[in-house]
Amino acid sequence: MENTGSPPHILTARDAGLIGCTQCGKVHLPTTATCSRCGATLQMRDKASLQKVWAWLIAGIIVYIPANLYPMLATASLGHTTENTIVGGVIELMHHGSYGVAGIVFVASIVIPVAKFIAIAFLALTVTRRVRMSAHHRHTLFEVVEFIGRWSMIDVFVVAILSSLVRLDFAATITPGIAAISFALSVAFTMIAALSFDERLIWDASEDEPRE
Amino acid sequence: MSTPAPLSCDLDRMIACPACDALLADISVETGETASCPRCHTVIEAPRPLAMTRIIMLALAALILMIAAVFFPFLELGAAGMVRRSSLLDTVMAFATGLTAPLTIAMAALIVILPVSRFLALLYVLGPMAFGWHPARHAAKVFRLAEALRPWAMAEVFIVGVAVALVKVAGLAHVSLGPAFWAFVALVVVTVLKDNFMSRVTVWKTLEARRTS
Ligand SMILES: [Zn+2]
Ligand SMILES: [Zn+2]
């Protein structure tokens, strides 16, 4: 993708002294406040964007810590209760030989959240700092982060399904643990962090790069 | 769709890429073609034949499937001669006791309420469009809402969750999938199809053209 397209000198709406709508693409004079086509609020660049991104990202990381320390679910079977954290659940699945599912849970609950924290922090940092990674690649990274965020919710759904299914009338009971809440919050916060990111900032930073 | 707006200003002949702000000439995109940004390759417009009609058909199908998915059991668990059926409502209510109670509302929202609101919003906005009528009142507001809800409607994530849960309890008891599970799978397929037909910029342009005509 490096050498295709991306003509070196592309004019942005901002360069032309205009504002483009991030929802519908309509171009407006800089004095316009809301888009005449779709009604979205117009901003040359969302100046507070990075602050919002950092605030939500830090909140997401903070609530991710108890999500790993406290039990995600508790299984009560024949008088004794076992509590499982996220990692504990993955290990147990591997003991049962279901490596595929253990892989899904591991990726959705640990790899994706952590990779997402790093990716969002990286994208936010590189808006103001110059890096080797081209704007193209950072844009792709942003799209991946945006797409993948919701999939981390899998484990919360699994806990809910298991708890509704395995109830008192069986030998075992499964109840959700407090980690389910903090995990769900962590996913939501990082999703908001990604959503508050003004994509256009990625491209502004690379404006005067000599070569893509 | 490509009729020039009455305001004969140059601004109407340009479009800014929603992703990177590149200023481009707003050429009329033929049905079946895809216009993407030369700078960041984001797809800007991709009108598809009968897209509006197809989207409302799919949204209607999705609504019906959702009703089925909510009321029929989606998992059946059998152990020691007993059978337990779990419906979507049971799943939502799983967090209803104890410290996890606030999650109940969030679950209901993510799996049922937000997807349903999106289907209804799309029907409301695109229904009149498909028949060539004027946009409904507040159509712009409703469509903005539908677009904002998009990342939060997690029906397809839930389906993968069901599959994982199935494997987890497989050792504990005999588990089988209920009719609602298949309704939900169909729902996810329909939702993905529907979102593929949807081109945000095209919808906005159509809404604008119909409003002023
Ligand atoms: Zn707009
Ligand atoms: Zn672009």
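A, B, ... follow the sequence lines: proteins, then strands. Residue 1 opens every chain.
Remark: A:Glu83 CD to A:Ile178 CD1 distance equals 11.5 Å, nearest 0.5 Å. Between atom CG of residue A:Leu185 and atom CD1 of residue A:Ile62 there is a gap of 12.0 Å, rounded to the nearest 0.5 Å. B:Leu23 CG to B:Asp21 CG: the interatomic distance, rounded to the nearest 0.5 Å, is 8.0 Å. Annotation: the span from A:Arg45 atom CZ to A:Leu201 atom CG amounts to 6.5 Å, rounded to 0.5 Å.
Taking non-hydrogen atoms and a 4.5 Å limit, the residue list of residues 141-155 of chain B in contact with chain A, ordered by number, reads B:Arg144, B:Arg150, B:Pro151, B:Trp152, B:Ala153, B:Met154. The stretch residues 104-113 of chain B places B:Met107, B:Leu110, B:Ile111 near chain A, each with some heavy atom under 4.5 Å from a heavy atom of that chain.
Counting heavy-atom pairs closer than 4.5 Å to chain A, the top residue among B:Ile15, B:Thr42, B:Val201 is B:Ile15. For the set B:Cys17, B:Cys40, B:Cys37, the count of heavy-atom pairs under 4.5 angstrom toward chain A peaks at B:Cys40. Most heavy-atom pairs under 4.5 Å with chain B: of the set A:Ala160, A:Gly149, A:Gly20, this distinction falls to A:Ala160. The greatest number of non-hydrogen atom pairs below 4.5 Å with chain A, out of B:Pro18, B:Ala140, B:Ala22, B:Ala139, is found for B:Pro18. Contact count versus chain B (heavy atoms, under 4.5 Å) is highest, among A:Val101, A:Val27, A:Leu18, for A:Val27.
For A:His136 and B:His41, the ring centers are positioned less than 6.0 Å apart.
Only the side chain of A:Glu143 comes within contact range of chain B, judged by heavy atoms closer than 4.5 Å. Heavy atoms of A:Ile104 lying under 4.5 Å from chain B belong exclusively to its side chain. At a 4.5 Å heavy-atom cutoff, the contact between A:Val105 and chain B is made by side-chain atoms alone. Proximity to chain B is limited to the backbone of A:Cys21, based on heavy atoms less than 4.5 angstrom apart. Of the two parts of B:Cys20, the backbone and the side chain both hold a non-hydrogen atom closer than 4.5 Å to a non-hydrogen atom of chain A. For chain B, the nearby part of A:Leu195 is the side chain; its heavy atoms alone come within less than 4.5 Å. Contact of A:Leu93 with chain B is made through the side chain alone, with heavy-atom distances under 4.5 Å. In this structure, the portion of A:Ala184 lying under 4.5 Å from any heavy atom of chain B is its side chain and not its backbone. Contact of A:Ala188 with chain B is made through backbone and side chain together, with heavy-atom distances under 4.5 Å.
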message = Between A:Leu162 and A:Leu73, is the side chain to side chain contact (heavy atoms under 4.5 Å, CB included) condition met? List the steps.
response = CA-CA 9 Å; A:Leu162 289 179; A:Leu73 49 83; 3.8 Å; yes
request  = Begin with the C-alpha distance, continue with both residues' side-chain angles, and end with the deciding distance and a verdict on side chain to side chain contact (heavy atoms under 4.5 Å, CB included) for A:Asp204 and A:Arg14.
outcome  = CA-CA 10 Å; A:Asp204 290 346; A:Arg14 184 176 67 165; 3.6 Å; yes
message = Test salt bridge (charged side-chain N to carboxylate O under 4.0 Å, His left out) on A:Lys26 and B:Glu208; report intermediate values, then the result.
response = CA-CA 11 Å; A:Lys26 194 169 173 71; B:Glu208 188 185 40; 3.4 Å; yes
task = Tell me, with the steps shown, if B:Arg13 and B:Asp26 meet side chain to side chain contact (heavy atoms under 4.5 Å, CB included).
result = CA-CA 5 Å; B:Arg13 265 175 271 142; B:Asp26 192 6; 5.6 Å; no
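The one candidate from A:Phe197, A:Phe117, A:Phe189 that meets the ring pair (Phe, Tyr, Trp, His ring centres under 6.0 Å) condition with A:Trp56 is A:Phe189. Only one option out of A:Val107, A:Val111, A:Ile112 pairs with A:Ser152 in a side chain to side chain contact (heavy atoms under 4.5 Å, CB included); it is A:Ile112.
Taking the six-membered ring for Trp and thresholds of 30 and 60 degrees, A:Tyr64 and A:Phe183 have ring planes inclined between 30 and 60 degrees apart.
Side-chain atoms of A:Thr140 and A:His137 include no donor-acceptor pair closer than 3.5 Å.
Legend: residues meeting side-chain hydrogen bond (donor to acceptor under 3.5 Å, both in side chains) with B:Glu33, ordered by chain and number and at least two apart, are absent. For A:Ser186, the side-chain hydrogen bond (donor to acceptor under 3.5 Å, both in side chains) test picks out no residue, with sequence neighbours left out.
In B:Trp182, the CH2 atom is not crowded: 12 or fewer heavy atoms of neighbouring residues, nucleotides or ligands sit closer than 6.0 Å.
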